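Fair warning: this is a prediction, and the values are worked out from it, not measured in the lab. Below, chain A is the first sequence line, B the second, and so on; all start at residue 1.
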Amino acid sequence: MRLTDFPLRTFKEVPSEAEVISHQLMLRAGLIRRLASGLYNWLPLGLRVLQKVEAIIRDEMNRAGALEVVMPVVQPAELWQESGRWEEYGPELLRLKDRHDRAFCLGPTHEEVITDIARNELSSYRQLPVNYYQIQTKFRDEIRPRFGVMRAREFVMKDAYSFHLDQESLLEGYAAMRAAYDNIFRRLQLDFRIVQADPGAIGGNRSEEFHVLAESGEDAIAYCEADGYSANVETVAIDTDDVSRAEPTADLELIDTPNVRTIDELSKFLDVPAGHCLKTLLVAGEQAPAVALLLCGHHELNRIKTEALPGVARPLRMLRGAEVEAATGCEPGFVGPKDLDVPLFVDAAAASLSDFVCGANAPDKHYRGANWERDLPLPDVVDMRNAVAGDPSPAGGGRLEIARGIEVGHIFQLGSKYSEAMEARVLDKDGKACEMQMGCYGIGVTRVVAAAIEQNNDERGILWPDAIAPFDVVLIPINLDKSYRVREAADSLYAELQQAGLDTLYDDRNQRPGVKFAEADLIGIPHRLVIAEKSWDNGQIEYKSRREADAEMISVDGVVDFLSKRRMP
RNA sequence: CGGGGCAUGGCGCAGUCUGGUAGCGCAUCUGCUUUGGGAGCAGAGGGUCGGCGGUUCGAAUCCGUCUGCCCCGACCA
């Protein structure tokens, strides 16, 4: 591509809307532009990257025997009512009506539609297993879109759905997809981890997530070097059996804590570690108006675990200030478990506290030196917090560490959730109708692009992995408007590189070299060739890798060979 | 949805407190010079100051209202 034919607009300054580095660089390098909150245009340069990612995914999916289809973005409400998700899914599902007042939604995922295809097209066990996939635009009306295309409302996803006669076949299909995903992320040259996950709204049994490791990742991953365990922190089970308390040493004391409402303030005010303060959270109950949850001050409530507790309303909802007062007779900030007349649960770690601080159910008052069983009864002990670094690994081999990751892939064993609800059956050997077992497998294609940048950048710009760079090589002639020889040399080398199948960006603009270097670095082309008159006359050309500090001179004759050796497979 | 902030040319910002006919840098266009790390000089174009209503002789500036966007939280494949 000649740069004189390619409108490239880059920014020196960081647009104020961009928070994370990938978003900043995607805007600065001219890959994307924001159209509205959570909606992005992909400009030609960005689309080249997106299409390279898609090509690798498509290749590996085809190689694994999956069959490509395309399903509509707009889906009829009836299918979602059939699966039950029209009610379940919540406001993230964007619903709309057509001119005849018929209800539709924008597809956030395609289980319903694919199950409809499967029940119409598949009727015999002889046709199974089948794996359909598509690369399609999805829409989820996120509460707060952010980080550019990392969490956009509209995004491109590769979703695959496999259909099996039985569990055994499902396990095989799942393993095949897991292997295909492993290949895909390897080929994308990303540093990633496979972690155990919660199936969430999609439903089903087992699921695993593929995470690209990055500081800015929205998910926390718990892992243990010693035993190889790795899981999304939200799914890590914590043992509730080993509750052991030190003997009380302090007397129960009612103390004044004027206007001290948060754990943070309390911890500072009393100079007590947050872990020794008891956090009392009030959530909506299933029958009771409120359920109180007791945690150590430095621990986070785990939504999934909490929703599984008896009597807690689903979806989990924290009570508002007025509701807290109605249920406890005390404003938020001073609520505590002593003499509190609502159902109570205590987290195992909080149950192990002694001489702790907690709210006294009176304005501007807390208790100090509180102890279970001596001062107040110990409620039901449960696991309802997120794991933190230092917790024991569930696999038993050591302590957990926490890393941050960007979820780019998720694979599920759905089982028969959708095939049952939507009556997707085939006849087995004995002529008996049975529900198909399903698996589903997603990759956030647009998110992969952002994740790749999060993991590959420096102060000058993007460092694309070879596999997904918008161009393989950038060709920069110096003084091409002054030197006929340079122009001729650059033109012929451009032709040669193209001939060799290299995606070449030819910077034939009449720009100063500094501008060309800066922009080539910003947009992250992995390999750079510079043609200057003097060296060209000596049969030499300058090569520099985007990832290396220094350039080297190479022979003009061997350029294509040299590049093909330098490029990653 | 709760809390906070912002809205002035394509991008980054000043001007708002204290009302008086809109400015800076980058980018764009023209000319000349320059050509190995985002050049210099001279000139030019581009803005109903987010929308609507009000106060005033006069509103980017004051008041009201609506909308959009960003951040934190909640929430979320």
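Per the geometry, CZ belonging to A:Arg153 stands 17 Å off P belonging to B:A77, to the nearest Å. For the pair A:Asp458 CG and B:G37 C1', the computed distance is 14 Å after rounding to whole Å. B:G38 atom C1' lies 13 Å from atom CG of A:Leu8, rounded to whole Å. The distance from atom CZ of A:Arg460 to atom C1' of B:G36 is 13 Å, rounded to the nearest whole Å. Summarising the geometry, the separation between OH on A:Tyr40 and P on B:C69 is reported as 10 Å, rounded to the nearest angstrom. Computed from coordinates, the A:Glu88 CD to B:C75 C1' distance equals 17 Å when rounded to whole Å. With rounding to whole Å, A:Asp507 atom CG is found 15 Å from B:G37 atom P. At whole-Å resolution of the value, NZ in A:Lys534 and P in B:U35 are 12 Å apart.
Counting non-hydrogen atoms under 4.0 angstrom, A:Val14 reaches the backbone sugars and phosphates but no base. Nucleic acid contact class of A:Glu519 (heavy atoms, under 4.0 Å, all strands): base. Note on A:Glu542: a base of the nucleic acid sits closer than 4.0 angstrom, heavy atoms only. In this structure, A:Arg146 reaches the bases: a heavy-atom distance under 4.0 Å links it to at least one base atom across the strands shown. Here A:Leu27 lies out of heavy-atom contact (under 4.0 Å) with every strand. Backbone-only engagement by A:Glu92 is indicated by non-hydrogen atom pairs under 4.0 Å involving sugar-phosphate atoms exclusively. A:Lys482 comes within 4.0 angstrom of a base, heavy atoms only. Using a 4.0 Å heavy-atom criterion, one finds that A:Arg447 contacts the bases of the nucleic acid, with or without backbone contacts as well. Within 4.0 Å of A:Arg528, counting heavy atoms only, lies at least one base atom of the nucleic acid.
Annotation for A:Asn302 and A:Glu234: closest pair ND2-O, 2.7 Å, computed over non-hydrogen atoms. Annotation for A:Ser83 and A:Glu112: closest pair OG-OE2, 2.6 Å, computed over non-hydrogen atoms.
Remark: B:C17 base-pairs with no nucleotide in the shown strands. Criterion, Watson-Crick or G-U wobble with two distances under 3.5 Å. Base pairing analysis places B:A77 opposite nothing; no Watson-Crick or G-U wobble pair with both distances below 3.5 Å involves it. The pairing partner recorded for B:G45 is none, the criterion being a Watson-Crick or G-U wobble arrangement whose two distances lie under 3.5 angstrom. Base pairing of B:G10 is made with B:C26, judged by Watson-Crick or G-U wobble geometry with both donor-acceptor distances under 3.5 Å. Taking a pair to require two hydrogen-bonding distances under 3.5 Å in either a Watson-Crick or a G-U wobble arrangement, B:C32 pairs with B:G40. Across all strands shown, B:G53 forms a Watson-Crick or G-U wobble pair, both distances under 3.5 Å, with B:C63. A 3.5 Å limit on both hydrogen-bonding distances identifies B:G5 as the Watson-Crick or G-U partner of B:C69.
Distance noted for atom C1' between B:G2 and B:C75: 12 Å (whole Å). B:A14 sits 15 Å from B:C62 when the P atoms are compared, rounded to a whole Å. B:U48 and B:G3 have their C1' atoms separated by 34 Å, given to the nearest Å. Between B:G20 and B:U61, the two P atoms lie 11 Å apart (nearest whole Å). For the P atoms, the distance from B:G15 to B:A27 is 24 Å, rounded to whole Å. Nucleotides B:G25 and B:A39, compared at atom C1', are 15 Å apart to the nearest Å. Atom C1' of B:C6 sits at a distance of 28 Å from the matching atom of B:G58, rounded to the whole Å. Remark: the separation of the C1' atoms in B:U21 and B:A60 is 12 Å, to the nearest Å.
The main-chain N or O of A:Glu218 is found under 3.5 Å from a side-chain atom of A:Arg404 such that the two form a donor-acceptor pair.
The six-membered or imidazole ring of A:Tyr543 lies near that of A:Phe562, with a centre-to-centre distance under 6.0 Å. A:Phe210 and A:Tyr181 have their aromatic ring centers within a separation under 6.0 angstrom.
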Step by step, work out the ring pair (Phe, Tyr, Trp, His ring centres under 6.0 Å) result for A:Tyr494 and A:Tyr506.
CA-CA 7 Å; A:Tyr494 175 52; A:Tyr506 176 16; 5.0 Å; yes
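Two residues, A:Phe155 and A:Glu19, neighbour RNA chain B, and the one matched to the more 5' nucleotide by heavy-atom proximity is A:Glu19. RNA chain B is contacted by both A:Met157 and A:Ala532; A:Ala532 maps to the nucleotide lying nearer its 5′ end (nearest heavy atom per residue).
For A:Lys12, the listed nucleotide lying nearest its side chain is B:A27; candidates were B:A27, B:G36, B:A77. Looking at the side chain of A:Ser16, the nearest of the listed nucleotides B:C13, B:G38, B:G36 is B:C13. Here the nucleotide nearest the side chain of A:Glu407, chosen from B:C70, B:G38, B:A77, is B:A77. Closest to the side chain of A:Glu17, out of B:G36, B:A77, B:C70, is B:C70. With distances taken from any side-chain atom of A:Phe11 to the nucleotides B:G37, B:G10, B:G36, the minimum falls on B:G10. With B:A39, B:G37, B:A77 as the candidates, the nucleotide lying closest to the side chain of A:Arg512 is B:A39. Residue A:Arg140 places its side chain closer to B:A77 than to any other of B:G37, B:A77, B:G36. If you check B:U35, B:G12, B:G38 against the side chain of A:Glu13, the one that comes closest is B:G12. The nucleotide whose nearest atom lies closest to any side-chain atom of A:Ser37 is, among B:C69, B:G36, B:C13, B:C69. Considering only side-chain atoms of A:Pro15, the nucleotide from B:G12, B:G10, B:U35 that sits closest is B:G12.
Atom OG1 of A:Thr109 and atom CE of A:Met157 lie 5.5 Å apart (nearest 0.5 Å).
Using a cutoff of 4.0 Å between basic side-chain nitrogens and carboxylate oxygens, A:Arg487 and A:Asp481 are scored as salt-bridged. Look at A:Lys158 and A:Glu54 and you find no salt bridge, because none of the NZ, NE, NH1 or NH2 atoms lies under 4.0 Å from a carboxylate O.
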